[in-house]
There are 2 protein chains.
Amino acid sequence: MPTEPALPRNFLRPCVLLLLRESPAHGYDLVERLRAFGFSGEDPGRLYRTLRTLEGEGLVRSAWEPSAHGPDRRIYAVTGSGMEALHQVVPALRETARVLDGFVSRYAEFVDIESPSSVSSSR
Amino acid sequence: MPTEPALPRNFLRPCVLLLLRESPAHGYDLVERLRAFGFSGEDPGRLYRTLRTLEGEGLVRSAWEPSAHGPDRRIYAVTGSGMEALHQVVPALRETARVLDGFVSRYAEFVDIESPSSVSSSR
DNA sequence: GCGGGTAGGTGCCGCAAGCATATACTCATT
DNA sequence: AATGAGTATATGCTTGCGGCACCTACCCGC
């Protein structure tokens, strides 16, 4: 794993919504699947808090499910307004990606000038 | 201007360093040039506070300069350790861009399935 | 009965971000 | 000579996210 990314504020929320849209899951499972989006897996408490907040806002719903081995699980699924909320935030995240690409290439521009060796491609 | 981007925490700092590296400037000027990185220009106070913080950390230095028209300006320039700090945070921002691209394309994947009309190119 | 993996949760605090507000200089207008 | 607009720099206050620590409880193997 490279450097830890500097994620946007509240990025956890859309990530949870997207993952739940792909398939319902319980928190402990989401902890693992969230690694793909740059979340280290430490601080599961943060995720559980976010899940309860999302449920309070009606963006996800949950139901307890007994587990064969281990304690019961609270299975979460995204709701209709949850999907709406996801659709609404995506443009901002797209915009963020655009800005960051701009920043990086603008940074790379003068780095290439200063050290013409070990050139990083301009993507 | 599209939607306001959801910028990472502390993103203002590297932006200021990059802009000052491109050319020294005073705060009021930076406010304008920061628009390229998604900063709306409201809340200039935030920028000025950030500048003073950066100066306190030795990442930038400043000098007063009289203005032909209007009040005096505090001209900022990036220092050596400021550049080091910039180099150190860029990998994380690169990583963030990567993650966001991944998120967006993963989102687009099921959006294309649900509404096969109005297809967005897969970049 | 002890440790380790699974699963879900609360408490607390620092600090960035958001918003309002203050000061002061210059110039053009009334 | 006062008023307002544009330029320029700053402080005060509040909120809420994020980071860290900590707790409970279940199941299984040794």
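For clarity, every value in this text was computed on a predicted model and none was experimentally measured.
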Open item on the list: Between A:Glu65 and A:Arg74 (side chain of the first, backbone of the second, donor and acceptor by atom type, cut-off under 3.5 Å), is there such a pair?
Closed with: no
- [ ] Decide salt bridge (charged side-chain N to carboxylate O under 4.0 Å, His left out) for B:Arg106 and A:Glu22; before the verdict, give the C-alpha distance in whole Å, the side-chain angles of both, and the deciding distance to 0.1 Å.
- [x] CA-CA 10 Å; B:Arg106 205 156 151 180; A:Glu22 288 179 358; 2.9 Å; yes
Open item on the list: From CD of B:Glu32 over to P of D:dA8, roughly how many Å is that when rounded to an integer?
Closed with: 10 Å
Task: d(CZ, A:Phe39; P, D:dG18) in whole Å - done: 8 Å
- [ ] Indicate whether OP1 or OP2 belonging to D:dA8 is found under 4.0 Å from a side-chain N or O atom of B:Arg74.
- [x] no
Open item on the list: From CZ of B:Arg73 over to P of C:dA24, roughly how many Å is that when rounded to an integer?
Closed with: 20 Å
Task: Base versus backbone protein contacts along nucleotides 24-30 of chain D [heavy-atom cut-off under 4.0 Å; B, S, -] - done: --BSS--
Open item on the list: Without decimals, in angstroms, what is the distance between A:Tyr48 OH and C:dA7 P?
Closed with: 8 Å
- [ ] Sequence neighbours left out, what passes salt bridge (charged side-chain N to carboxylate O under 4.0 Å, His left out) with B:Glu57? Give chain and number order.
- [x] B:Arg13
TODO: Would you indicate whether the side-chain heavy atoms of B:Phe37 and A:Leu100 approach each other to under 4.5 Å?
DONE: no
TODO: Could you state the atom-to-atom distance from CD1 of B:Ile75 to C1' of D:dT9 in whole Å?
DONE: 12 Å
TODO: Compute whether any side-chain donor of one residue and acceptor of the other, for A:Ser62 and A:Glu55, lie under 3.5 angstrom apart.
DONE: yes
Open item on the list: Applying a 4.0 Å non-hydrogen cut-off, can you work out what B:Tyr76 is touching in the nucleic acid: base, sugar-phosphate, or nothing?
Closed with: sugar-phosphate
- [ ] Quick one, give me the B/S/- string for nucleotides 11-22 of chain C, reading 5' to 3', where B means a protein heavy atom under 4.0 Å from the base and S means that only happens at the primed atoms, P, OP1 or OP2.
- [x] BB---SSBB---
Task: Sidechain-backbone polar pair: B:Arg35 side chain, B:Ser40 backbone, donor-acceptor under 3.5 Å - done: yes
Open item on the list: For D:dT7 and B:Tyr28 - does any side-chain N or O of the residue sit under 4.0 Å from the phosphate oxygens OP1/OP2?
Closed with: yes
Task: Geometric class of the B:His87/A:Phe110 ring pair [parallel <30°, tilted 30-60°, perpendicular >60°] - done: tilted
Open item on the list: Output the rounded distance in Å from NE2 (A:His26) to C1' (C:dT6).
Closed with: 8 Å
Task: A:Leu47 CG - D:dC20 C1' separation (whole Å) - done: 16 Å
- [ ] Using atom types as modelled and distance alone, determine if a side-chain donor or acceptor of A:Arg9 lies under 3.5 Å from a backbone N or O of B:Ala6.
- [x] no
Open item on the list: Is it the case that the side chain of A:Thr79 and the backbone of A:Leu59 share a donor-acceptor pair, with hydrogens and angles ignored and the cut-off at 3.5 Å?
Closed with: yes
